[in-house]
Structure formats: structure tokens, C-alpha cells
Trainee: 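I am attaching a structure below and will ask some questions about it afterwards.
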Amino acid sequence: MGLQWGDEGKGKVVDYLADRFDAVARFNGGSNAGHTVVIGERRHTFHLIPSGALKGKELLVGAGVAVDPSVMKDELAMLPDDARSRLTVDGRCSLVSPMDKELDAKLEEMRGSSAIGTTRRGIGPAYAMRALRLSPRVSDLLNGFDFGPAESFYKKFGLDTSGLDEWAEESRRLLTGLAGDTGARVREVCDGGGSVIYETSQGTLLDLVHGSYPYVTATHTVSSYAPAAMGIAPSYAGEPLGVMKCYVTRVGGGPFPTEVSGELGDRIRSLGMEYGATTGRPRRVGWLDLVALKYAVELNGVKEVAISKLDVLSKVKELRACVAYSLDGSETHDFQGSLPRLGEVKPVYGPPISLQGAEFGSGLSPETRRLIEYVEGELGVRVTLVSYGEERSKTVSL
Ligand code: IMP
Ligand code: MG
């Protein structure tokens, strides 16, 4: 689970942990996600295919995912030939059409200065089409879908639907042989003594309902959604692992209490290579926000946490952690209660911590230990994984 605004390093963590599982499943979001896995000199960014793809595992795309067939096609083309034979896409997945992407852009323009800053991958419109009962799903497409109502709807927004037939045909070609029931497959794997890891897209603070609405994505991003989205009972979902960075980033609009601008912000952005994996946009950067993190830990029921990007702050003099928000002269620790006025809160910082000069590789240096203990104490969790570089091997399991 992502405990911040996405880009916590989940792709790397899932790739690392995939060894311990038989299958890797994506359960939410769509090609707005960008999960990066670095092996040696090679950098792979996954948008739809689960990050376990490079570990030769079985791959499941659950019913909660909005599937853009053109993205999936490109992604499969970049993977080893056997990836396709290991992949099942749930028949209940809604598809993202080219019109959904156009609509995404139009809606952003309509919002003007209060634009959400979406990735323009059509995710909001695709999920809206599902809620309107207009969306083509994978199984519908393969069994003859009547595009009439969806087409009329798109036309009302002045969208050109002339490419719809061709798109449907190409999508059918890609998805033939891939569709299945991923929930049933999870049960089969687990009942036979195997195990599945579920990978979320985005972060908790981007959850459609529980995040910083309206500056959120269009799906749930919390752990309790995994079983519903996969079509399994909660008992198949196991314990959630939270992933957090030792600072915070956010792409797109919306409030960000601990945002750091100016030279220091630029420095952290460039040290951490904080540019969107999907859109290339520079990410906004900020200090650790324990108020928001506590909320995310509680919402997900997380007891174990992975911390990423420690190497980045080892090159910066100090690290700050927000321990409370100040609003109208009083302090609060209530993230949910602060949400309606999150843009006005002022962060209250605890004493600075420093990771400067921390070394990694042969055990954990005292600076790293101090930070881990601090995070464990503040959040009431156990840190079980530390990541100190993009490369797969730069990971310590505790
Ligand atoms: P959408 O999901 O494209 O509709 O975008 C809604 C908001 O979620 C925007 O602020 C995006 O920048 C953000 N967002 C969507 N996907 C990701 C992601 O994978 N990482 C970080 N932010 C994301
Ligand atoms: Mg990302």
C-alpha cells in the first residue's frame, strides 16, 4: 500500500518481494500508474502489468483495474515473450477508450485554475462510464458489446467517435486469450497452498473517498479495497505492507502542507529524480508528514512498513518531520478533520533529524537506525524493509 501521494517506491518493493509469492496481482487504477523497477542499467516502467513481471511470476490484472488496451499492448511488447502466457486480465475490468482520454483533457480544461492535474490517461472518465453503466468491459467486448449508448454519451460532449470500431477491433485482438476470472484464480492458487501479492496503484492520500478530494484519483487506493476489487473474500488478502518515502512527493494539484519550494526543493527533486514515471512532470517535494502518515497507517491497518529513498536524504543536511498541523492558533493531529482546510494548515515540525552521511550496503549506519526507530515510535509500526537506491539490489530486509 502507498502511504503517501503515490510514487513511494511500490514497484521496486513488489519486484523485490515477488520471489516469495506465486502470483502478482494489480487490483486498482490504470495506466495513470508508473511503477519503476531498475535492474542493473535497465529501467522498466510498468503502467498496467504487475511489477512482478520480471520475476517470471503469474500475473493477474484484477477487476478493479481500468485497462487501456493500447498501453497493455505496448507494455507486453517490451517484456519477455512468455509474459503474455503468464497474464490473465479479469473479464470484469472496464476498458479505457480513446474518448475517455479526450474527455479527461476536456474536463481538466473546463476546471481551469482548479484543474486536478490528472495524468490525462482517461482514468476518471473510464470509472465514471462504469458507474453510469456505459462502459465496455473486457468480457463484454469479447462477447459483442453494444456501443450505442456509450457512443451517444460521448457525442453529447462533442467527442469524435469515428475511431471507436477500429479501437474495439484492435482491443479484441489483444484481449482474446487473456480474459479470465482472476478472483477464482487467486482462490485456486491459495487453496492449493500458494500465495499472491496484491499491488496497489497510487497512494492512500489519492483515494477517491478517503484522500484529499477532489484532488485525488478515481478509485480506492486503500487496503480494504483489494479483496473487493479482486473478487475475493478478505481472508485471501493477508496483511498489508505500507510503503513510504523518507520525504513526500505529490504530482498534480491540491494541498500539500509540508511542501518545500525554492532551492532546497529543487535539490531534493533532482537528487531523488522526482519526475513522474507516466507523464514526466516534475513532482512537488516536501518533508515527511507524520500526521498524514498516521492517517494512512490507520486507514490501511498497516503494521509493517518499507521506507524508500534513504540515499536521497543522506545527501541533504537535515530532514524535517511534521508532527502536527496548526490551524487558527490551535494544533491538531486529525488529518481527516483537517482535509476541508488542508491548504491553510501550517506544519509544526519536530526536532530536525539528519541522515547526512549515512552509509548503506554493509549493515545500517547509526543515522539510518535513528530514523527507523523514530518512524517506528511515531507511527507504531515495524520497519521491515529499507530501500537506499533505485537498483533492485539496494534493498535491506529487516
Ligand atoms: P488521474 O488518476 O490521472 O485522474 O489523476 C488524479 C490525480 O492523481 C493527479 O494529481 C495525478 O497526478 C495523481 N496520480 C495518478 N496516478 C498517479 C501515480 O501513479 N503517482 C502519483 N500520482 C498519481
Ligand atoms: Mg509512480
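Counting starts at 1 for both ligands and their atoms, in listed order.
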Trainee: Verify whether the ring centers belonging to Y225 and H220 lie closer than 6.0 Å.
Mentor: yes

Trainee: Any non-hydrogen atom of A33 lying under 4.0 Å from ligand 1?
Mentor: yes

Trainee: Pick whichever of T217, T221, L206, N32 has a heavy atom sitting closest to atom 23 (C) of ligand 1.
Mentor: L206

Trainee: For V316 and Q356, which heavy atoms make the closest approach, and how far apart are they?
Mentor: O-CB, 3.6 Å

Trainee: Is any side-chain N of the basic residue among R86 and E58 closer than 4.0 Å to the acidic one's carboxylate O?
Mentor: no

Trainee: Give a yes/no answer: is there an N/O/S atom of G34 under 2.8 Å from the Mg ion (ligand 2)?
Mentor: yes

Trainee: What protein heavy atom sits nearest atom 3 (O) of ligand 1, and how far away is it?
Mentor: T119 OG1, 2.6 Å

Trainee: For ligand 1, is there an atom lying under 4.0 Å from some heavy atom of R283?
Mentor: no

Trainee: Under 4.0 Å, heavy-atom basis, I'd like to know which part of W5 is in contact with ligand 1: side chain, backbone, both or neither.
Mentor: backbone

Trainee: Can E151 and T161 be counted as having a side-chain donor-acceptor contact under 3.5 angstrom?
Mentor: yes

Trainee: So does E188 pair up with R185, basic N to acidic O under 4.0 Å?
Mentor: yes

Trainee: Which ligand 1 atoms are under 4.0 Å away from a heavy-atom of I116?
Mentor: 6 (C), 10 (O)

Trainee: Of R120, K101, K73, which is the lone residue that meets salt bridge (charged side-chain N to carboxylate O under 4.0 Å, His left out) with D68?
Mentor: K101

Trainee: Heavy-atom contacts under 4.0 Å between R281 and ligand 1: side chain, backbone, both, or neither?
Mentor: side chain

Trainee: Identify, by name, the N, O or S atom of D7 lying closest to the Mg ion (ligand 2).
Mentor: OD1

Trainee: Nearest heavy atom to atom 6 (C) of ligand 1: which of L107, T278, V216 does it belong to?
Mentor: V216

Trainee: Students should be able to answer this: which protein heavy-atom is nearest to atom 21 (C) of ligand 1, and at what distance?
Mentor: D7 OD2, 3.0 Å

Trainee: Side chains of Y388 and E359: do they bring a donor and an acceptor to under 3.5 Å?
Mentor: no

Trainee: Starting from atom 17 (C) of ligand 1, locate the nearest protein heavy atom and write down its residue, its atom name and how far away it is, to 0.1 Å.
Mentor: Q202 CG, 3.5 Å

Trainee: State yes or no: are the ring centers of F145 and F147 separated by less than 6.0 Å?
Mentor: yes

Trainee: As an exercise, identify every atom of ligand 1 less than 4.0 angstrom from a heavy atom of G117.
Mentor: 9 (C), 10 (O), 11 (C), 12 (O)

Trainee: Is the shortest side-chain N to carboxylate O distance from R121 to D104 below 4.0 Å?
Mentor: no

Trainee: Give the atom numbers and elements of ligand 1 that come within less than 4.0 Å of a heavy atom of G252.
Mentor: 10 (O)

Trainee: May I ask which of T118, T219, V251 has a heavy atom nearer to atom 5 (O) of ligand 1 than the others do?
Mentor: T118

Trainee: Out of K12, R43, R42, which one pairs with E390 under the salt bridge (charged side-chain N to carboxylate O under 4.0 Å, His left out) rule?
Mentor: R43

